[in-house]
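The next block holds one structure in the form of structure tokens; read it before the comments.
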Amino acid sequence: MAQPRVVTIHYTLTNDQGEELDSSRVEGREPLSYLEGAQNIIGGLESALTEKDSGDQVKVSVAPAEGYGEKNDELIQPVPRSAFEGVDTIEPGMQFQAQTPGGPQIVRVVEVNDETVTIDANHPLAGETLHFDVEVVETRPATDEEQEHGHVH
């Protein structure tokens with residue numbers, strides 16, 4: 001097996017409507033570097049970039065199953081407003097870190113009533129087909145330390 005690589009990319013992410021969701025190409029942002037095989041980026045994008053080299057340009061659409069997964073309705077649920085003790089204002093769109101049996105998880109507020117707050121623990125991009133326009137800026141062999149730690153240094 002080939003030695004894992006560090007791949008550095010510039011990317012623009014859009015949704016099915018063509019709206020830009022994220023980009024490394026905006027002023028002040030650096031390109032994204034990731035360690036191949038370490039699950040640093042979503043699987044569908046990494047698969048599309050596996051054998052690409054510096055200078056390659058790739059357009060790839062990533063289905064939910066290879067991105068942030070399908071939306072799971074069981075992760076949308078009302079909780080008592082008292083769970084937000086100490087928070088004066090709660091509005092849809094706000095995000096909070098919740099303590100769950102599986103550890104901390106980010107939840108997004110979707111609805112607020114007098115007694116309950118409906119939260120959504122799905123990733124905000126769950127259920128979305130993601131469209132990436134990518135330029136591979138650089139590739140290099142990963143160092144032993146990067147391989148050991150599972151991320152780029």
Find the distance between [atom1] ([X]) and [atom2] ([Y]) and round it off to the nearest 0.5 Å.
| X | Y | atom1 | atom2 | answer |
| --- | --- | --- | --- | --- |
| Gln95 | Asp120 | CD | CG | 10.0 Å |
| Leu130 | Leu125 | CG | CG | 5.5 Å |
| Thr12 | Arg25 | OG1 | CZ | 4.0 Å |
| Asn15 | Leu13 | CG | CG | 8.0 Å |

Heavy-atom side-chain contact between [X] and [Y] under 4.5 Å:
| X | Y | result |
| --- | --- | --- |
| Thr129 | Pro64 | yes |
| Leu35 | Pro4 | yes |
| Leu32 | Ile41 | yes |

Minimum heavy-atom separation for [X] and [Y], please, with both atom names.
| X | Y | value |
| --- | --- | --- |
| Arg5 | Leu49 | NH2-O, 3.5 Å |
| Gln97 | Pro104 | NE2-CB, 3.4 Å |
| Leu45 | Val62 | N-CG2, 3.8 Å |
| Ala38 | Gly150 | CB-O, 3.3 Å |
| Asn122 | Arg108 | O-NH1, 3.6 Å |

If Ile, Leu, Val, Met, Phe, Trp and Tyr residues are connected whenever their side-chain heavy atoms lie under 4.5 Å apart, and connections chain through other members, are [X] and [Y] in the same group?
| X | Y | value |
| --- | --- | --- |
| Ile106 | Val109 | no |
| Val152 | Ile9 | no |
| Val112 | Val110 | no |

Checklist outcome for this item: Those residues at least two apart in sequence (or on a different chain) that pass ring-ring contact (aromatic ring centres under 6.0 Å, His included) with His131 are none
Checklist outcome for this item: Taken in chain and number order and not counting sequence neighbours, the residues that satisfy ring-ring contact (aromatic ring centres under 6.0 Å, His included) with Phe84 are Phe96
Item to check | Ser47 side chain to Gly44 backbone, donor-acceptor under 3.5 Å | outcome: no
Next on the checklist: Looking at Tyr11, is its backbone amide N or carbonyl O close enough to the side chain of Ser24 to form a donor-acceptor pair, meaning the two atoms are under 3.5 Å apart?
Outcome noted: yes
Going by atom type alone, with no hydrogens or angles, which donor-acceptor pairs under 3.5 Å involve a side-chain atom of residues 67-80 and a protein atom two or more places apart or on another chain?
| from | atom 1 | to | atom 2 | distance (Å) |
| --- | --- | --- | --- | --- |
| Asn72 | OD1 | Glu74 | N | 2.8 |
| Gln77 | NE2 | Glu74 | O | 3.4 |

Less than 3.5 Å apart, which donor and acceptor atoms pair up between the side chains of residues 132-149 and the rest of the protein, not counting sequence neighbours?
| from | atom 1 | to | atom 2 | distance (Å) |
| --- | --- | --- | --- | --- |
| Arg140 | NH1 | Glu146 | OE1 | 3.0 |
| Arg140 | NH2 | Glu146 | OE2 | 2.8 |
| Thr143 | OG1 | Glu146 | N | 3.0 |
| Thr143 | OG1 | Glu146 | OE1 | 3.3 |
| Glu146 | OE1 | Thr143 | N | 2.9 |
| Glu146 | OE2 | His153 | N | 3.0 |
| Gln147 | NE2 | Ala142 | O | 3.3 |
| His149 | ND1 | His153 | NE2 | 3.0 |

Next on the checklist: Suppose we screen for salt bridge (charged side-chain N to carboxylate O under 4.0 Å, His left out). Which residues come up paired with Asp56, at least two apart in sequence or across chains?
Outcome noted: none
Next on the checklist: My understanding is that only residues two or more places apart in sequence, or in another chain, count here; which of them pass salt bridge (charged side-chain N to carboxylate O under 4.0 Å, His left out) with Glu46?
Outcome noted: none
[atom1] ([X]) with more than 12 external heavy atoms under 6.0 Å:
| X | atom1 | result |
| --- | --- | --- |
| Gln17 | CD | yes |
| Glu19 | CD | yes |
| Glu51 | CD | no |

